[in-house]
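Below is one structure; the comments refer to it alone.
Naming: A, B, ... by sequence-line order, numbering from 1 per chain. Values in this document were obtained by computation on a predicted structure and should not be read as measured data.
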2 protein chains.
Amino acid sequence: MSAGVNLKELAAELKLSPSTVSRALNDSYEISEETKKKVVSMAEKLNYQPNPFARSLRENKSKTIAVVMPERMSSFFAKVIDGIEEVTQQHGYHLLVYSTHEDVEREKKIVNLLMNGRADAIVMSVSSQTSDISHLTRLHDRGFPLVFFDRICPDIPTTKFITNDYESSFEGTKHLIQQGCRKIAFLMLSKELSITKERYRGYLDALKSAGLSPEPSLHITCAHEEEKNIEAIRNMLLSKERPDGIVSSVEKLALATYHAVKRTDIKIPEDLKIISFFSNLSIAGLLTPSLTTITQPAFSIGEECAKMLIKKLTKPRQPDLPNQVISIPSKITIRSSTIAV
Amino acid sequence: MSAGVNLKELAAELKLSPSTVSRALNDSYEISEETKKKVVSMAEKLNYQPNPFARSLRENKSKTIAVVMPERMSSFFAKVIDGIEEVTQQHGYHLLVYSTHEDVEREKKIVNLLMNGRADAIVMSVSSQTSDISHLTRLHDRGFPLVFFDRICPDIPTTKFITNDYESSFEGTKHLIQQGCRKIAFLMLSKELSITKERYRGYLDALKSAGLSPEPSLHITCAHEEEKNIEAIRNMLLSKERPDGIVSSVEKLALATYHAVKRTDIKIPEDLKIISFFSNLSIAGLLTPSLTTITQPAFSIGEECAKMLIKKLTKPRQPDLPNQVISIPSKITIRSSTIAV
DNA sequence: TATAATTTCGAAAACGTTTCCGTATTTAAA
DNA sequence: TTTAAATACGGAAACGTTTTCGAAATTATA
């Protein structure tokens, strides 16, 4: 491992004290322009790189933000992180990224590890197993900057970024009804999740306002293995109460539905219409038939999370992150899977 | 922000010196079992969390590994990172993740930032623009632990993890030929990339061994926007030299091909057969027709990268990372897109 | 019993920054 | 001309660990 010069050596080379060099590099007003020039040019010549740990130790901040999310293999989360990175990188921040794999125990472990100050803030989307949120409240109670996105904890008084889950789901369901559906299924992740609650509520209200009543056997909760999901959906599709429409509150289950349909002789959209929350637009257009989607503004959500945190972390005397829910609307794109025939 | 006790305060509480407490917590042989118990239990009681920066500064290591890759929105890279995380997490390492967005300037910036020791090692897959590799050689020359995967730099003498690109491409092309294709196109990312070179070579050799000759107009290089790719492929499909088979060396271009085909009346596999390097298996089976794939062992590649680095970083006197290319075979799964008709 | 070895712990240095404090020199104000 | 303020820098402490060195107390050896 190579050394590289440190501040003391750089100072010796310049015949200046370390304090002066440090101040010169940090553009302090106490240093003359002349010596600043000298210091900067020598620093470049010797390729001086400040030690981030010494700096973190002294300043008590790491210039690092942690992202904790349930999975990586999802275009939604990938885009959110891209959005976060876009703004944090401009401010010289680094990103620690963790996947909980939908496992609350892993989530707890990660959060507890992060409590030691390795990161200056956390942006988080909870696992589908997370119902006990004591590890997160503890974090927040300690004054640790924390924002949520998508899968939020409503009870923790901090800033949360979501899409208009209720309205999108309502509109999506309404769209199915307008296209003639009368028995509409709802596919979801764990019922604990904020997003499923909201989307479920939107779905129910849309049914109600159309005079339709929900059918419990048409409400499917996500299992861990894809194959199980496919079979559960297939069974529903072949059951007595078979639906003529599906609202999927999560990308994964829309794909599982297409798999399930492939194993039957059901035709989309003739026998079954489907709309889904979905982020991978390229794929949505490629499915047969192409899928009507509710697209969440993933990149923007990431950007907004990051902006909020950067402001909190870089401005001098910022108040706590306000207890508010910021909603960025989704966009419904109608494709073939919901065309009335 | 909350404090939490530090070592000195913990020591004061125990009426011991900081050095003793430190040694007790690190299970040093110099400390009696009795005081170890006391220290550990008090540490738990006060929820003592060692400051990672003080530790990093003192020990000159960060327990952090950086991952630098060209994009996040790819199931291949997502799976690789999952694999890396799987083993690093077990050893208490953290992951800094960076996306270059296929931009070599961003890649350089990131690599230069990492030179200051924020991470103990880097696992890297270069951008498609990367031809000048001086930023990477400099890193390696300084003795910085560095491994490559997938898109490697052959000229940097360190460990690289790839799949059997040449053979897979050869076999994939051969498969098309066996299914009756005679004019086979090749879709690729930048020609600079190790993977395209190898896969292209496999493709060419397969053509040659079948007595076929390559047609330059059937070799398409990836552009930045998806739409451009789709149009380029569509133009090729409608040109005079239209192919009856396609080998796509990258997932993105297989999807672009399906988009392009949708805009013509060409039928897969009747008029055109296609095979592609592809990681998103669920999607591959859902495309119409389902796509014959060459699946890289993404998760394993990630695991192996991490294992190699962990060994280097945790064992006491390890030699430099050996200059070798480790290949983990891909798996070809034949689906409908290459069925002879 | 005297000496050597072992066990168990403490004091202090070190890691590389930033910043508080002090001070010499120069410039402005009285 | 005398005093006050501004400018430009150095010395040293501090951040929270780990570890080197040393030493006291205990145990084993001669």
Side-chain angles (χ1 to χ4, degrees), chain A residues 1-40 42-43 46-64 92 113 115-118 120 314 316, chain B residues 1-40 42-43 46-64 92 113 115-118 120 314 316:
Chain A
M1 186 78 72
S2 94
V5 293
N6 62 22
L7 195 66
K8 207 188 295 184
E9 293 161 357
L10 177 57
E13 193 68 31
L14 286 157
K15 298 192 193 307
L16 287 171
S17 80
S19 41
T20 301
V21 175
S22 171
R23 277 184 278 238
L25 291 173
N26 292 329
D27 201 28
S28 161
Y29 71 97
E30 298 186 88
I31 305 297
S32 70
E33 290 304 321
E34 192 187 2
T35 52
K36 273 184 193 171
K37 303 262 190 210
K38 278 190 212 161
V39 170
V40 169
M42 180 62 82
L46 301 186
N47 191 29
Y48 166 71
Q49 302 276 10
N51 181 309
F53 304 116
R55 189 174 269 177
S56 291
L57 177 58
R58 174 61 218 231
E59 299 198 313
N60 198 30
K61 54 181 160 183
S62 60
K63 281 259 187 184
T64 300
L113 274 178
M115 212 121 60
N116 62 11
R118 186 177 284 268
D120 295 338
T314 57
Chain B
M1 185 78 70
S2 95
V5 294
N6 61 24
L7 196 65
K8 206 188 298 182
E9 293 161 356
L10 178 57
E13 194 69 30
L14 286 158
K15 298 190 194 307
L16 287 171
S17 80
S19 40
T20 302
V21 176
S22 172
R23 276 184 279 239
L25 291 174
N26 292 329
D27 201 28
S28 160
Y29 70 99
E30 300 186 87
I31 306 297
S32 70
E33 289 304 321
E34 192 186 3
T35 51
K36 274 184 193 172
K37 303 261 189 208
K38 278 189 210 162
V39 169
V40 168
M42 180 63 81
L46 300 186
N47 191 29
Y48 166 72
Q49 301 277 8
N51 181 310
F53 305 115
R55 188 174 270 175
S56 290
L57 177 59
R58 175 62 220 234
E59 299 197 313
N60 198 31
K61 55 181 161 181
S62 60
K63 281 261 189 182
T64 299
L113 273 178
M115 212 121 60
N116 62 12
R118 189 177 284 270
D120 296 339
T314 57

Think [X] has a side-chain N or O under 4.0 angstrom from the OP1 or OP2 of [N]?
X	N	answer
B/Asn6	D/dG16	yes
B/Tyr48	D/dT17	yes
B/Ser22	D/dT17	no
B/Ser19	D/dT18	no

Have a look at [X] and say if it touches a base, only the backbone sugar-phosphate, or nothing, with a 4.0 Å heavy-atom cut-off.
X	result
A/Leu57	base
B/Ser32	sugar-phosphate
B/Gln49	sugar-phosphate
A/Ser56	nothing

A/Ser22 (side chain) donor-acceptor with A/Pro18 (main chain) under 3.5 angstrom
no
Rounded off to whole Å, could you give me the [atom1]-to-[atom2] distance for the [X] and [N] pair?
X	N	atom1	atom2	answer
B/Glu34	C/dT7	CD	P	16 Å
A/Leu14	D/dA8	CG	P	17 Å
B/Ile31	C/dT7	CD1	P	13 Å
A/Leu7	C/dT18	CG	P	7 Å
B/Arg118	C/dC15	CZ	P	21 Å
B/Lys38	C/dT8	NZ	P	13 Å
A/Asn116	D/dT17	CG	C1'	13 Å
A/Asp27	C/dT19	CG	C1'	16 Å

From C-beta outward on [X], which listed nucleotide comes closest to its side chain: [options]?
X	options	answer
A/Glu59	D/dG11, C/dT18, C/dG10	C/dT18
B/Ser17	C/dT18, D/dG10, C/dA11	C/dA11
A/Arg55	C/dC9, D/dG11, C/dT17	C/dT17
A/Asn26	C/dT18, D/dT17, D/dG10	C/dT18

Look at the side chain of A/Arg58 and the base of C/dT18, then say whether one donor and one acceptor between them are separated by less than 3.5 Å.
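Check passes, donor-acceptor contact within cut-off.
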Give me the atom names and distance for the closest heavy-atom approach of A/Val5 to A/Leu46.
CG2-O, 3.8 Å
Minimum-distance pair of heavy atoms, taken over all atoms of B/Leu14 and B/Lys38:
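Minimum heavy-atom contact is CD2-O, 4.0 Å.
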Do B/Asn51 and A/Leu57 have side-chain heavy atoms sitting under 4.5 Å apart?
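The answer is yes, as the side chains (C-beta and beyond) meet within the 4.5 Å cut-off.
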For a side-chain contact (heavy atoms from CB on, under 4.5 Å) with A/Arg23, tell me which candidate from A/Thr35, A/Ile31, A/Val39 qualifies.
A/Ile31
5′-ward residue of the pair A/Pro50/B/Arg23 relative to DNA chain C:
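Mapping each residue to its closest nucleotide by heavy atoms, the 5'-most match is B/Arg23.
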Can you measure from CZ (B/Arg55) to CZ (A/Arg118) and round to the nearest 0.5 angstrom?
9.0 Å
